[in-house]
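Okay, structure first, notes after.
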Amino acid sequence: MTVFHAADRQRITTADLPDGSSVFSSGQFVIRADGTARFDRHYHDFPELWMVAAGRGTVLVGGTEHQVGPGDIVYTAPGLEHDILNVSDELRVFWLSFDRPNGSAGAHLHRTPSDAAKHLVPAHPNTEAGHCG
C-alpha cells in the first residue's frame, strides 16, 4: 500500500509496509483544547517525526520547551523524551516512526511509573502558544 488515510486514523501495519520503507508506524493523534486530553511523557528506541497539521501548543523535547503550530515538524531522536505540556487550540499531529531496531517493541518507553501515567494536558486558549518561526 502506498497511501494511508491517517486523517481517518488509519495506521500503517506490518502487512501494509511499502517495499524499501523504513517507516513502520504512522497515524494521527488529536489533543483536545478542553483540558480533558491526556498524554504521557515518553521516549522511543527509534526516531520519530511529528508534523503539526493544526492547532497550537507547547511540546517538551529533551528538556527544551518548544511552541508549535501548523506546519511545524518535531523530530525526536532515539532516547529523547518528549511530551505535550499544553495546548491553546486543538492540536492535530501526524507522526511517522522509522528505523526500528531489531528487537524493539516499537512502543512508548518510560523512565518512571509517573511518566507512564497519562497526565492531563492543560488548555490555555488565551495564550500566545504557537509557531516561533
Side-chain angles (χ1 to χ4, degrees):
M1 177 180 266
T2 55
V3 175
F4 301 90
H5 301 283
D8 295 326
R9 306 261 174 115
Q10 180 180 354
R11 294 181 177 189
I12 288 178
T13 68
T14 53
D16 297 326
L17 290 176
D19 290 339
S21 174
S22 66
V23 172
F24 70 89
S25 175
S26 77
Q28 177 188 196
F29 65 86
V30 175
I31 303 295
R32 295 174 310 280
D34 62 3
T36 64
R38 294 186 165 275
F39 202 79
D40 62 316
R41 181 165 299 182
H42 65 277
Y43 66 98
H44 307 283
D45 54 4
F46 48 81
E48 183 176 65
L49 289 170
W50 289 0
M51 288 138 302
V52 180
R56 298 194 180 284
T58 306
V59 299
L60 180 73
V61 180
T64 303
E65 293 183 16
H66 301 274
Q67 303 301 309
V68 297
D72 290 343
I73 297 174
V74 177
Y75 171 74
T76 60
L80 202 59
E81 283 187 317
H82 45 286
D83 196 353
I84 298 174
L85 301 180
N86 64 63
V87 294
S88 59
D89 298 304
E90 181 174 89
L91 198 59
R92 292 185 173 270
V93 176
F94 292 92
W95 88 86
L96 288 172
S97 300
F98 51 98
D99 294 338
R100 182 175 167 183
N102 289 335
S104 170
H108 289 192
L109 303 172
H110 305 95
R111 301 208 194 284
T112 68
S114 63
D115 286 348
K118 291 188 174 192
H119 62 84
L120 285 172
V121 177
H124 297 289
N126 297 321
T127 68
E128 293 298 317
H131 181 71
C132 288

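In this text the structure is predicted, and so the values were computed from the model without any measurement.
How far OG of Ser26 is from CZ of Phe98: 12.0 Å, rounded to the nearest 0.5 Å. Rounded to the nearest 0.5 Å, atoms CG (Asp40) and CG (Leu109) are 10.0 Å apart. Note: Glu48 CD to Thr76 OG1 = 4.5 Å, rounded to the nearest 0.5 Å.
No chain of hydrophobic side-chain contacts below 4.5 Å, direct or via other Ile, Leu, Val, Met, Phe, Trp or Tyr residues, connects Leu49 to Tyr43. Linking ILVMFWY side-chain heavy atoms closer than 4.5 Å, directly or via other members, places Leu80 and Val74 in a single hydrophobic cluster. Under the 4.5 Å side-chain heavy-atom criterion for Ile, Leu, Val, Met, Phe, Trp and Tyr, Phe94 and Leu96 are members of the same hydrophobic cluster. Hydrophobic clustering (ILVMFWY, side-chain heavy atoms < 4.5 Å, transitive): Val87 and Leu120 are in distinct clusters.
A pairwise comparison of heavy atoms in Pro101 and Phe46 identifies CD-CB, 4.0 Å as the closest pair. The minimum heavy-atom distance linking Ala123 with Gly35 is given by the pair CB-N, 3.7 Å. When every heavy atom of Pro70 is checked against every heavy atom of Ala53, the shortest pair comes out as CB-O, 3.9 Å.
The shortest distance between side-chain heavy atoms of Arg92 and Gln28 falls below 4.5 Å. Looking at Ile84 and His119, their side chains never come closer than 4.5 Å, going by heavy atoms from C-beta outward. Ser25 is listed as a side-chain neighbour of Trp95, based on a closest heavy-atom distance under 4.5 Å. Between Pro78 and Pro47, the closest side-chain pair of non-hydrogen atoms falls below 4.5 Å. A heavy-atom distance below 4.5 Å is not found between the side chains of Glu90 and Ile31.
The aromatic rings of His108 and His110 stand perpendicular to each other, their planes meeting at an angle above 60°, with 30° marking the opposite boundary. Using a 30° and 60° split on the angle between ring planes, Phe29 and Trp50 fall in the perpendicular class, above 60°.
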Subject >> Intermediate values then yes/no, side chain to side chain contact (heavy atoms under 4.5 Å, CB included), His124 and Thr58 >> reply: CA-CA 10 Å; His124 297 289; Thr58 306; over 6 Å; no
**OP:** Start with the C-alpha gap between Arg41 and His82, add the side-chain angles, then the distance that decides, and say whether side chain to side chain contact (heavy atoms under 4.5 Å, CB included) holds.
**Re:** CA-CA 6 Å; Arg41 181 165 299 182; His82 45 286; over 6 Å; no
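Remark: side-chain polar atoms of Arg100 are paired, donor with acceptor, to backbone N or O of Ser104 under 3.5 angstrom.
Between the side chains of His66 and Asp72, no donor-acceptor pair is found at a separation under 3.5 Å.
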